[in-house]
Each structure stands twice: as C-alpha cells, then as structure tokens.
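All heavy atoms count here, side chains included; hydrogens, waters and symmetry mates do not.
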Amino acid sequence: MTENLISAAREQAAALTRSAYEKAAAAGALPAGADIKAQVDIPKDTKNGDYATSFALAAAKALGKAPRDIAQALMDHMELEGSYFDKVEMAGPGFLNFTLGRKWFAETLNSVEEAGETYGASREGKGKRVMVEFVSANPTGPMHIGNARGGVLGDALAAVLERLGYDVWREFYVNDAGNQIHKFAVSIDARYQQLILGEDKVTFPEDGYQGEDIRELAAAFREQFGDEWLNKPEAERQEAMAQFGLKNNIPRMQADLKRYQIEYNEWFLESSLHDSGYVAETVGLLTEKDWTYEQDGALWLKTAELLRQKHLNEGKTPEQVEKLDLKDDVLRRSNGFYTYFAADIAYHRNKLEKRGFDTAINIWGADHHGHVARLQAALDGLGLDGSHRLVIVLMQLVNLLRDGKPERMSKRSGKAIALHDLLDEVSVDAARYFFNNSKPTSPVDFDLGLAVREDSDNPVYYVQYAHARICSLLKRLGEEGMTVPAAAEVDVSLLTSPEELGLLKAIARFPEELKLAGRDLDPSQVNRYLTQLAGEFHRFYTAHRIKGEEPAVAAARLKLADTTRSVLANGLNLIGVAAPEKM
C-alpha cells in the first residue's frame, strides 16, 4: 500500500508542534497541561512554507501569552532532525510555517518507484463490499449521451474505490418488465402492422416510441417471421415482440458499453424479481411491519410516515417536516400488478439483505431527485438502514456543443444522440475524459469540435501529450546512453527550482486526490489532478534541460520526468483512458 505523504507530513507537523510545546512546558518557557486543538493546513501560497499551523493562536487564551511569544517558544524547542521538514518559521500574528525537505522529496520518488501501477492504493475500504450500479438504461432504445456520462462516472468511481481497497461489484439493472416494456412492444407491433397494411391503415400510439430503431426492429421481426403474426392474439404477438426487441437491444447495449471500455460483473434482470416472487415477498414484509394499507383496491406504502421519521432522524424539526409535501405511494395497483417503485424496493433489498453489500451506490440522473429519499425511507422501513447504506450520486445533464455552439441533440434514434453515434465521431478516450471532467453535480459541456482537436485546449490531448512527450524524451535519451536511475541513486537536493519542487509536490498528491475522490464519490477529481500534473510537467520541461547538464543533475531530472510519466499513466488507466507513448 502507498503511504499518503501529504497526510503523513501534515500529521508529522502536528506531532512536532505538540512535542515542541511539551518540551517548552518542561523547560518552563510555556505553562504546562493545556489541551490545544489546532489544525495543520496547506497554505494556498506556499512561498513561505508548505504546511502551516495555527497552534500558537489557538493556545493564546489557554496559555495567557501572545501568539507570537508562544510561536517563538515552540520554534526554540522544535527538533526537525530526521523529519520531513528543513525549517520552521514564524509568520503573521503567530502562524508556524513548515518547509519540506530532502527526506520527504526522496520518499516521494521512492514511493512511486516501489508501488508502480498500484501507486495511490490504500486499505481504507478493506473488508467493505460496495455495489456500484450505473447506466441501467431502459432497453427500449439506443443509449444516449446522458447514459454515456453515467457510464464513465460509475466505472471510474468503481475503479477509484477498488484502488482504495473496497471490494467493488459493477451492476447494470435491466428494466425488462413493466409499463415501458409494454409500450415498447405496442410500438413495435404498430410499426409491424404498418409494414404489412400500410401506415395510413394503422394508427401509431401517441405515447409510443418514435425512434427509427423501432422501425428497424419491426422490419427485422417481419423478415424473420413473415406476416403470420398479424393474425395471432394481440397479447401473444406483443409479448413475442417485446422478447424479440429485448434480445436485440440488450446485446447491442452490451457491445456499445464494451466499446466504451465498460464491463459489468452482472446484468441483473428486473423480471427475475417478479418471476421469483421476490417483489411480492418484499411488499409482504412491509405489510407485516405495518407500513402498508389498502385503499380503492390498491395497496399503498405509508411513504409520508416513513419520510417523516427519516427527516426527524436527520435533524429536521417537526415544524420543518410538517411543511414538506409528503405523499404515500402505490405498491400494488387495483389490477394486481406491482408498481415500478415496489420492484425498486425489492431490488435494493436484494442488494443490501440478500447479497449483503455494505453499501449500494447508484448513479442517477438529476431528474430522479424526488425518488431518493422515498426509496431510502422504504428500506429504513424494512430495517435495512437505507438512509445510510443506499447512496445516490445525482448527475446533471450534458450540453452538446460543436466549437462552442449548441448542437442538435437528435440523430437517427429520434430522441437524443446515441452512444454509438458519439463514438463514431470522437475517440473513446475523449468521450470518457470529457464526461468525467466535471463534478457529477455540475452540467457537462461536451464540445464535439474540441474533443477532436490536437492542441492544449483539449484536456485529454493535453494530458496524453504530456505522457507521450516524456516517453519520447526517455527513448531519445536512452538511444544516447542515458538510463533512468533508481530512486536510491538520485540526489534530490539537486532539485531546487520552483518548477522541480512543484512537480514533486504534485506527484505526491496523487494518493490524497484518490482519497478525496472516494470520500466525495467524485472521480472527476482524478481528471483535475491529471490536468494539473501535466501542467506542472510542461512548466518544468520548458524551464529545465536534461541533456547536457551535469550528470547528477541530469539523472535527478530524468528520474523526475520518468516518475511523472508513471503517475500520469496510473491516473489515465484508472479512469479508463489510454496513456499513449507517441502522438
């Protein structure tokens, strides 16, 4: 596992400060026995130091002394020998600023060399099983660019969590039952009849699926089975068409996602929940726990009461809860059919209870916002602690642009540009990088023109070019007899410029960035980090030569460049983007 040197230095600065206080107190320079709570932070401007603590300011009242006097006493009793820091200085009203030294920079190079492709890994999630369910698009048509964003967000998040030590399971929930499948079948049926009888003879349903893909499925059905199904009972015909459509569409979805570098541990069928009786069993459990009631022939969930309890448990006041527009939900209609919500509750019970995942993470579109608390509350009602164990990441919409101008969102599918159409126009690398380049809570501006440009304005090109540039450099120098030294052979004290130290600090940040990405369920943190790391390398390489320098300096800079290459490749691979050796 990789040591997080950012956290390690912060913790060491705190420990050094605490030790200095205890020594100053023992020497009579400061009053003893005070329990001081003070943070160690990384200043925005690191010109005066890499870490800063406000210990002296926080201790002023307890110790009855001016902060600067406390800070001076701490400095007088601070022992930095053998630590990560070269010096500590006082600043402003009494801050202590620590400057990183040779040991820390040497450990940074060592850490990347030793960890290799696993650099940034930790045991944070050890023993915890997490399911990430993402995309889960209805199998009634091609996947669109909203699904494309959810795909890379879920896949990259799963990869980050795996790197942090979690046991991760990727799942696609196939909605192959319910109203949308009935509408899918009716739509294919109508197009099938129109092919045989003529469009003017058969009215297409107003709420039917209008896409060209429905026409293609109807034509394929007719080509395989002829016109004989026209005279069969409607229910039988539409069931056959639903199954025909699903058997065509699901493999297409799987192929599109595989092309997009996404593969799942399981494609879970909604129909399996109904066929096994699991939906009925789940609704029965809610009834046993007195969370349901019958009205107008339907079975209702006491959603309002469940939500009321959830909001009160989360700290809302009774007055605040009463102002909320809380409503109950139907679980089983008067015709005996279970609702989508009932199946959804059963599915998530299956995740948390039957399959025993500690946490279930769902990637949903922002339009599902109102469904989140209701589903969590229903799971609370089953005793599964849905409010904590079910985590929903809501993602905002995609704005499609071309060279900065809005692009029409419709193509052959009739609704929105399909994933396979997008991947015909831009590379998989560009699609994955662009869709993962913003926080889930922010809309994505996907510029088709920018995504294919080969310049520094294109973020994926900018990062990949940094990696390829280093590979070309290593190859060229290798042909001249220069080889990358081992970290132990490098004199890091020769790396003294702002560009060199800035690049080393950026390299050391990778484990911390992964930790934050996992904590915030935001894999776009990796993209932002890679863009910054590439920028630090370009600045370093513009300012400093390697060839022709003194051998020790050239070796140190060559190792720094190669270490950067390793971390760039590591991060790109993590988000499913290639790290090319030449461009």
Side-chain angles (χ1 to χ4, degrees), residues 131 133 136 138 171 173-183 268-318 320-357 359-362 364-394:
M131 177 195 283
E133 182 219 322
S136 296
N138 284 339
E171 186 151 299
Y173 182 56
V174 184
N175 302 120
D176 65 333
N179 284 337
Q180 80 279 359
I181 298 300
H182 176 67
K183 186 164 71 171
F268 189 101
L269 301 178
E270 178 188 350
S271 58
S272 69
L273 296 170
H274 293 281
D275 295 344
S276 66
Y278 200 76
V279 177
E281 179 184 297
T282 301
V283 171
L285 287 173
L286 287 166
T287 299
E288 285 176 22
K289 294 176 181 293
D290 196 29
W291 288 119
T292 66
Y293 63 92
E294 290 196 34
Q295 183 176 303
D296 301 327
L299 186 69
W300 293 71
L301 179 68
K302 298 177 183 177
T303 314
E305 188 177 335
L306 284 163
L307 283 170
R308 197 171 292 114
Q309 287 191 14
K310 172 179 166 63
H311 290 312
L312 290 171
N313 291 338
E314 291 172 350
K316 282 189 173 69
T317 65
Q320 289 173 320
V321 173
E322 287 308 312
K323 292 179 182 178
L324 299 174
D325 184 22
L326 304 180
K327 297 177 181 177
D328 293 339
D329 290 288
V330 175
L331 293 177
R332 189 180 63 230
R333 298 186 183 92
S334 56
N335 61 9
F337 288 101
Y338 290 102
T339 62
Y340 181 82
F341 188 43
D344 218 13
I345 297 168
Y347 175 47
H348 288 85
R349 174 190 163 219
N350 174 278
K351 292 181 183 184
L352 299 177
E353 182 178 277
K354 186 171 183 178
R355 288 190 278 171
F357 288 99
T359 305
I361 299 173
N362 292 357
W364 283 356
D367 56 335
H368 289 78
H369 179 269
H371 190 54
V372 176
R374 294 162 56 235
L375 181 55
Q376 289 175 327
L379 294 170
D380 288 343
L382 288 168
L384 295 174
D385 192 16
S387 292
H388 295 99
R389 294 176 65 198
L390 173 61
V391 180
I392 310 295
V393 177
L394 292 173

Are Glu171 and Arg355 within salt-bridge range, i.e. N to O under 4.0 Å?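 Looking at Arg355 together with Glu171, the answer is yes, because their closest N to O distance falls below 4.0 Å.
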Asp325 and Lys327 ion-paired at < 4.0 Å: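 The answer is yes: the pair qualifies as a salt bridge.
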Give, for atom [atom1] of [X] and atom [atom2] of [Y], the distance between the pair rounded to the nearest 0.5 Å.
X      : Y      : atom1 : atom2 : value
Asn350 : Ser272 : CG    : OG    : 7.5 Å
Thr359 : Met131 : OG1   : CE    : 11.5 Å
Lys316 : Lys310 : NZ    : NZ    : 8.5 Å
Arg349 : Leu390 : CZ    : CG    : 15.5 Å
His311 : Glu322 : NE2   : CD    : 11.5 Å
Glu281 : Leu286 : CD    : CG    : 11.0 Å

So which atom in [X] and which in [Y] form the shortest heavy-atom distance, rounded to 0.1 Å?
X      : Y      : result
Trp364 : Asn362 : CZ2-ND2, 3.4 Å
Ala342 : Leu331 : CB-O, 3.4 Å
Tyr173 : Ser136 : N-OG, 3.0 Å
Tyr278 : Ala346 : CE2-O, 3.2 Å
Arg333 : Val330 : N-CG1, 4.0 Å
His371 : Asp344 : NE2-OD2, 2.8 Å

For the pair [X] (side chain) and [Y] (backbone), establish whether a donor and an acceptor sit closer than 3.5 Å, ignoring hydrogens and angles.
X      : Y      : value
Asp380 : Ser387 : yes
Gln180 : Asn138 : no
Thr303 : Asp329 : yes
Arg389 : Phe357 : yes
Asp296 : Ala298 : no
Trp300 : Asp328 : no
Asp176 : Leu269 : no

Just so I know, are the side chains of [X] and [Y] near enough to count as touching, which here means a heavy-atom distance under 4.5 Å?
X      : Y      : value
His388 : Gln376 : no
Val283 : Leu299 : yes
Phe268 : Leu273 : yes
Glu294 : Arg332 : yes
Leu375 : Ile345 : yes
Asn179 : Tyr340 : no
Lys302 : Asp290 : yes

Just do the side chain to side chain contact (heavy atoms under 4.5 Å, CB included) check on Leu285 and Trp291 with the steps written out, would you? CA-CA 9 Å; Leu285 287 173; Trp291 288 119; over 6 Å; no
Can you check side chain to side chain contact (heavy atoms under 4.5 Å, CB included) on Val321 and Leu326, steps first, answer last? CA-CA 9 Å; Val321 173; Leu326 304 180; 4.2 Å; yes
Is Tyr293 atom OH crowded by more than 12 heavy atoms from other residues, nucleotides or ligands, each under 6.0 Å away?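 Count over threshold, so yes.
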Using side chain to side chain contact (heavy atoms under 4.5 Å, CB included), reason through Leu382 and Thr282 one step at a time and then give a plain yes or no. CA-CA 9 Å; Leu382 288 168; Thr282 301; 4.0 Å; yes
